[in-house]
Amino acid sequence: MDKVYNDTAKILKVLSDPKRLRIVDMLSCGELCACELLEAFHITQPTLSHDMKQLVNLKLVNFRREGKNVYYCLNQSTLNNLQKTLDIMFSDKPDCICHKILNNGREGDSNCDCCCDDESESDCGCESDRDCSCGTK
């Protein structure tokens, strides 16, 4: 899972630049020539090349050359994988890292999100009913 976290962090770091996010948004409409992107952003060609290299290196964007022009389009496969990864990270699941941390590193599923070791204990250790999510209070 560490590789997934590292790979996702690299992608999110590249996408954290507002200009690159706007480029991805523009490319969501379809393939664009570098000249169209340059015109839209009023930036120099070296600046655009740097941004596009970042997106291409992480396989977020594909490119093709036609004569002197370079055309860019989104790599839907990579973006779909990113979306799936984020959906998984943002949802509760039986093997979620939070369960391992809350269970003091013990493997296994626990429905209790509070501080008790055993859901069947009558005194789970929570200070109030409001803090208790295991249902023992």
Side-chain angles (χ1 to χ4, degrees):
M1 194 67 178
D2 283 343
K3 181 174 176 10
V4 172
Y5 291 139
N6 289 333
D7 291 348
T8 303
K10 287 176 189 174
I11 291 172
L12 294 176
K13 184 176 180 180
V14 166
L15 291 176
S16 70
D17 181 279
K19 183 176 16 137
R20 290 187 200 127
L21 271 179
R22 189 169 171 207
I23 289 169
V24 169
D25 190 14
M26 289 178 69
L27 292 174
S28 71
C29 297
E31 183 180 72
L32 291 173
C33 178
C35 57
E36 294 171 299
L37 294 169
L38 282 170
E39 195 175 301
F41 288 101
H42 306 290
I43 57 175
T44 64
Q45 188 276 329
T47 300
L48 179 66
S49 289
H50 172 75
D51 287 324
M52 298 313 294
K53 183 178 180 183
Q54 300 286 317
L55 295 168
V56 168
N57 284 346
L58 290 175
K59 298 183 172 128
L60 294 167
V61 171
N62 295 321
F63 73 97
R64 68 178 179 86
R65 295 185 187 278
E66 188 175 294
K68 293 182 180 181
N69 293 323
V70 179
Y71 293 87
Y72 295 97
C73 65
L74 294 179
N75 182 336
Q76 289 299 330
S77 175
T78 300
L79 293 171
N80 289 341
N81 287 337
L82 174 62
Q83 186 171 9
K84 287 176 189 174
T85 298
L86 293 176
D87 286 345
I88 290 168
M89 277 188 205
F90 295 155
S91 64
D92 189 18
K93 55 212 159 284
D95 62 342
C96 184
I97 190 171
C98 62
H99 295 301
K100 293 175 184 174
I101 291 171
L102 291 171
N103 288 325
N104 297 320
R106 292 190 315 265
E107 295 293 326
D109 186 17
S110 171
N111 292 325
C112 180
D113 293 327
C114 65
C115 54
C116 57
D117 292 332
D118 183 356
E119 291 179 50
S120 64
E121 288 183 19
S122 59
D123 184 14
C124 67
C126 294
E127 294 187 24
S128 71
D129 293 349
R130 187 173 48 92
D131 296 333
C132 185
S133 62
C134 66
T136 60
K137 286 197 174 205

Within the 4.5 Å heavy-atom criterion, are V4 and I88 side-chain neighbours or not? no
Determine, step by step, whether L37 and I43 satisfy the side chain to side chain contact (heavy atoms under 4.5 Å, CB included) criterion, reporting the C-alpha distance in whole Å, the side-chain angles of both residues, the deciding distance to 0.1 Å, and the verdict. CA-CA 9 Å; L37 294 169; I43 57 175; over 6 Å; no
Note, F63 side chain near M52 side chain (heavy atom, < 4.5 Å): no
Could you go through the side chain to side chain contact (heavy atoms under 4.5 Å, CB included) check for E36 and M26 one step at a time? CA-CA 10 Å; E36 294 171 299; M26 289 178 69; over 6 Å; no
How long is the gap from CG on L55 to CG on N62, to the nearest 0.5 Å? 11.0 Å
Tell me whether L21 is reachable from L27 by hopping between hydrophobic residues (I, L, V, M, F, W, Y) whose side-chain heavy atoms are closer than 4.5 Å. yes
Counting only heavy atoms from other residues, nucleotides and ligands, does the tally under 6.0 Å from NZ of K19 exceed 12? yes
Out of the candidates D25, L60, V61, V14, only one should pair with R20 under the side chain to side chain contact (heavy atoms under 4.5 Å, CB included) rule; please name it. V14
Does the cation-pi check pass for R65 over Y71, that is, NZ or CZ under 6.0 Å from the six-membered ring centre and within 45° of its axis? no
Determine yes or no for a side-chain-to-main-chain donor-acceptor pair under 3.5 angstrom, with T8 supplying the side chain and Y5 the backbone. no
Is there a path of hydrophobic side-chain contacts, each under 4.5 Å between heavy atoms, that joins L79 and L86? yes
Evaluate whether atom CD of Q76 has more than 12 neighbouring non-hydrogen atoms of other residues, nucleotides or ligands under 6.0 angstrom away. yes
I need the L74 CG to L32 CG distance, nearest 0.5 Å. 9.0 Å
Any side-chain heavy atom of T47 within less than 4.5 Å of one from F41? no
Side-chain touch V70/R64, heavy atoms, less than 4.5 angstrom: no
So CG of L12 and CG of L82: to nearest 0.5 Å the spacing works out to 6.0 Å
In Å, rounded to the nearest 0.5 Å, how long is the span from SG of C33 to CD of E39? 10.0 Å
Is any side-chain heavy atom of T78 closer than 4.5 Å to one of L58? no
List for me each residue that meets side chain to side chain contact (heavy atoms under 4.5 Å, CB included) alongside S49, sequence neighbours excluded, and say none if there are none. Q45
Could you state the interatomic distance from CG (L38) to CG (L48), rounded to the nearest 0.5 Å? 4.5 Å
Nearest 0.5 Å please: distance from the NZ atom of K13 over to the CD atom of Q54. 9.0 Å
